[in-house]
A.B. asks: 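Below are the structure tokens for one structure; questions will follow.
Given the structure is predicted, the values throughout are model-derived calculations rather than measurements.
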Amino acid sequence: MAGMIPYEKVNALNNENNNVGGNHKITAYNRPSLTPEVATKVFDKLIQTGSARDDIRIVFLWEYHNLKKFSSVASDATAFSGRIPRPLIIMIVNWVGDSDELKADALNRLEQVRSFTEQALEPAFDQIGGKTELDTGDGNTETGDPQSEDSARVLYGPNYPRLQQLKKKYDPNMVFKSWYPIAPAA
């Protein structure tokens, strides 16, 4: 049965997969339309890669919602430039333990699934004219260190100079600077 789900319930759906206080890495990938054949291949790869160890868990979330309204807002009307009409695939790997070997294995498994998915989706991107500079994945996980101005430039893209002007006007002393800091214009 399909229907509306309150945000609080949707947000809690993945609670059992959260590794609170543990180790995790999140990555994301924009995707074009998905065929059942590609979804099946990706699912099989996920099962093969993610079920080999009990101390590593890979979570794979496909966004399925209408982005028509979201992408109707011009990229320069908000801070974020990546307003493309394609949902994300969000991949999370959790692991229990602190050894360097375990961390490397967990990250390697996540990369295997991510690169397999990217390759499986290439024909679909080709059908829509290829990727754009905005196909960067999730800005919160794919643009580098969130404390870095360089990462802010990537996240905000062509909107960054406009945001620098606003920063110069409203926050020249960098009071707000902890997440993707924008340097005030000179």
A.B. asks: List for me each residue that meets salt bridge (charged side-chain N to carboxylate O under 4.0 Å, His left out) alongside Lys45, sequence neighbours excluded, and say none if there are none.
C.D. replies: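 None.
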A.B. asks: Hey, is Glu37 close enough to Lys41 for a salt bridge, meaning N to O under 4.0 Å?
C.D. replies: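 The answer is no: the pair does not qualify as a salt bridge.
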A.B. asks: side-chain contact (heavy atoms from CB on, under 4.5 Å) with Leu102: which residues, sequence neighbours excluded?
C.D. replies: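 With neighbours one apart ignored, the set is Arg53, Asp55, Ile56, Trp95, Ser99.
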A.B. asks: In Å and rounded to the nearest 0.5 Å, what is the CZ to OG1 distance from Phe43 to Thr117?
C.D. replies: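 The distance works out to 12.5 Å.
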A.B. asks: Could you list the residues that satisfy salt bridge (charged side-chain N to carboxylate O under 4.0 Å, His left out) with Asp44, not counting sequence neighbours?
C.D. replies: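 Here no residue qualifies.
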A.B. asks: Check whether any side-chain N or O of Asn23 sits under 3.5 Å from a backbone N or O of Asp98 as a donor-acceptor pair, and report yes or no.
C.D. replies: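 It does not hold such a pair.
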A.B. asks: Please name the pair of heavy atoms, one in Ile92 and one in His24, separated by the smallest distance, quoted to 0.1 Å.
C.D. replies: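 Heavy atoms only, the tightest pair is CG2-CB, 4.5 Å.
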A.B. asks: Compare every heavy atom of Pro184 with every heavy atom of Pro172, then report the nearest pair and how far apart it is.
C.D. replies: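 Looking at all heavy atoms of both residues, the shortest contact is O-CG, 3.7 Å.
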A.B. asks: Roughly how far, to the nearest 0.5 Å, is the CH2 atom of Trp62 from the CE atom of Met91?
C.D. replies: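 If we round to the nearest 0.5 Å, Met91:CE and Trp62:CH2 are 8.0 Å apart.
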A.B. asks: Give me the atom names and distance for the closest heavy-atom approach of Pro123 to Ala120.
C.D. replies: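 Shortest heavy-atom separation between Pro123 and Ala120 comes out as CD-O, 3.5 Å.
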A.B. asks: List for me each residue that meets side-chain contact (heavy atoms from CB on, under 4.5 Å) alongside Ala39, sequence neighbours excluded, and say none if there are none.
C.D. replies: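 side-chain contact (heavy atoms from CB on, under 4.5 Å) check on Ala39 returns Leu34.
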A.B. asks: Considering only heavy atoms from C-beta outward, does the side chain of Gln164 approach that of Arg153 to under 4.5 Å?
C.D. replies: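 The answer is yes; the side chains approach within 4.5 Å.
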A.B. asks: The criterion is salt bridge (charged side-chain N to carboxylate O under 4.0 Å, His left out); which residues satisfy it with Arg162, sequence neighbours excluded?
C.D. replies: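 By the salt bridge (charged side-chain N to carboxylate O under 4.0 Å, His left out) rule, Arg162 matches no residue at all.
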A.B. asks: Please find the pair of heavy atoms, one from Ala186 and one from Lys168, that lie closest to each other, and give the distance.
C.D. replies: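 Closest approach of Ala186 to Lys168: O-NZ, 3.2 Å.
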A.B. asks: Report the residues that fulfil side-chain contact (heavy atoms from CB on, under 4.5 Å) with Lys9, sequence neighbours left out, ordered by chain and then residue number.
C.D. replies: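 By the side-chain contact (heavy atoms from CB on, under 4.5 Å) rule, Lys9 matches Ile5, Pro6.
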A.B. asks: Ala79 and Asn159: which non-hydrogen atoms are nearest, and at how many Å?
C.D. replies: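 Shortest heavy-atom contact: O-ND2, 3.2 Å.
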A.B. asks: Locate the shortest heavy-atom distance separating Ile90 from Ile26; write the atom from each residue and the value.
C.D. replies: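 Closest pair (atom of Ile90, atom of Ile26, distance): CG2-CG2, 4.0 Å.
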A.B. asks: Shared ILVMFWY cluster between Leu163 and Tyr170, side chains joined below 4.5 angstrom?
C.D. replies: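 Yes, because Leu163 and Tyr170 connect within a single hydrophobic cluster, where side-chain heavy atoms sit under 4.5 Å apart.
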A.B. asks: Name all residues meeting the side-chain hydrogen bond (donor to acceptor under 3.5 Å, both in side chains) criterion together with Gln48; count only those two or more places apart in sequence or in a different chain, and write none if there are none.
C.D. replies: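 Scan of Gln48 (side-chain hydrogen bond (donor to acceptor under 3.5 Å, both in side chains), adjacent residues dropped) gives none.
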A.B. asks: Are Ile89 and Leu121 close enough, and set up right, to give a side-chain contact (heavy atoms from CB on, under 4.5 Å), and what steps lead you there?
C.D. replies: CA-CA 11 Å; Ile89 297 168; Leu121 290 171; 3.8 Å; yes
A.B. asks: Which residues satisfy the side-chain contact (heavy atoms from CB on, under 4.5 Å) test with Ser51, sequence neighbours excluded?
C.D. replies: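 Per chain and number, Ser51 pairs via side-chain contact (heavy atoms from CB on, under 4.5 Å) with Ile47.
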A.B. asks: What residues form a side-chain hydrogen bond (donor to acceptor under 3.5 Å, both in side chains) with Asp171, not counting sequence neighbours?
C.D. replies: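 Partners of Asp171 by the side-chain hydrogen bond (donor to acceptor under 3.5 Å, both in side chains) criterion, ordered by chain and then number, come out as Lys167.
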A.B. asks: Just to verify, what does Tyr156 make a ring pair (Phe, Tyr, Trp, His ring centres under 6.0 Å) with, not counting sequence neighbours?
C.D. replies: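 For Tyr156 the ring pair (Phe, Tyr, Trp, His ring centres under 6.0 Å) partners, ignoring immediate neighbours, are Phe80.
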A.B. asks: So does Thr49 get a backbone contact from the side chain of Arg109, meaning a donor-acceptor N/O pair under 3.5 Å?
C.D. replies: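 At least one qualifying donor-acceptor pair exists.
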A.B. asks: Does one hydrophobic cluster hold both Ile182 and Phe176, with members joined at side-chain heavy-atom distances below 4.5 Å?
C.D. replies: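 No: no chain of side-chain contacts under 4.5 Å links Ile182 to Phe176.
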